[in-house]
Amino acid sequence: QVQLVESGGGLVQAGGSLRLSCTASGGTLSMYAMGWFRQAPGKEREFVEAINRSGGMLHYADSVKGRFTISRDNVKNTVYLQMNSLKPEDTAVYYCAATNRYGRTTARVEYAYWGQGTQVTISS
């Protein structure tokens with residue numbers, strides 16, 4: 001069973017950048033499509049971005065399109081989320097997740113494996 005650990009969260013000012021990493025152990029990352037989700041206080045966990053096994057197919061939430069970029073390095077067993085032009089409304093706990101499914105994997109219920117999350121806080 002794959003285990004996921006996120007890192008790279010922190011506190012930055014609006015307009016700044018962060019890069020989150022998600023490293024997998026106990027399994028080969030290339031076997032899974034990967035996604036990033038986030039959960040702000042008092043809100044449901046929402047989809048941010050997803051990437052297929054080869055990295056050739058990406059899906060974005062409208063709220064982050066043009067600002068965030070998901071990528072993966074299957075050799076390093078790591079998925080990244082590059083976040084630019086950050087806004088206070090991006091403040092949330094960010095989770096990476098893995099799924100065995102194929103196709104458009106943007107729904108939370110499609111993901112069986114989750115990391116513990118990393119806090120991202122954007123100050124205005």
Please check if the side chain of [X] supplies one atom and the backbone of [Y] the other of a donor-acceptor pair under 3.5 Å.
X    : Y    : answer
S85  : R67  : no
T118 : G9   : yes
T78  : K76  : yes
T99  : R101 : yes
N77  : G27  : yes

Can you check whether [X] reaches [Y] side chain to side chain, under 4.5 Å on heavy atoms?
X   : Y   : value
L4  : V2  : yes
H59 : F47 : yes
M34 : C22 : yes
L29 : R72 : yes
T23 : E6  : no

Go through the steps for L18 and Y94 under the test side chain to side chain contact (heavy atoms under 4.5 Å, CB included), then give the verdict.
CA-CA 12 Å; L18 278 175; Y94 283 71; over 6 Å; no

Knowing that exactly one of V48, V64, D90, L20 qualifies, which makes a side chain to side chain contact (heavy atoms under 4.5 Å, CB included) with M83?
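Of all the options given, the one that passes is L20.
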
Would you say the ring centroid of Y113 lies under 6.0 angstrom from that of Y32?
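Under 6.0 Å, so yes.
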
On the ring face of Y102, is R53 found with NZ or CZ under 6.0 Å from the centre and within 45° of the axis?
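The answer is yes; both the distance and angle limits are met.
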
Taking the six-membered ring of F37 as reference, does the cationic atom of R45 (NZ for Lys, CZ for Arg) lie under 6.0 Å from its centre and within 45° of its axis?
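R45 over F37 ring: no.
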
Donor-acceptor pair between T121 and Q119 side chains, under 3.5 angstrom
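Present: a donor and an acceptor within the cut-off.
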
Does the distance from a Lys or Arg side-chain N to an Asp or Glu carboxylate O, for K65 and D62, drop under 4.0 Å?
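Salt bridge between K65 and D62, a charged N being under 4.0 Å from a carboxylate O: yes.
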
Would R19 and Y80 satisfy side-chain hydrogen bond (donor to acceptor under 3.5 Å, both in side chains), going step by step from the backbone distance to the final call?
CA-CA 7 Å; R19 188 176 81 157; Y80 304 97; 4.7 Å; no

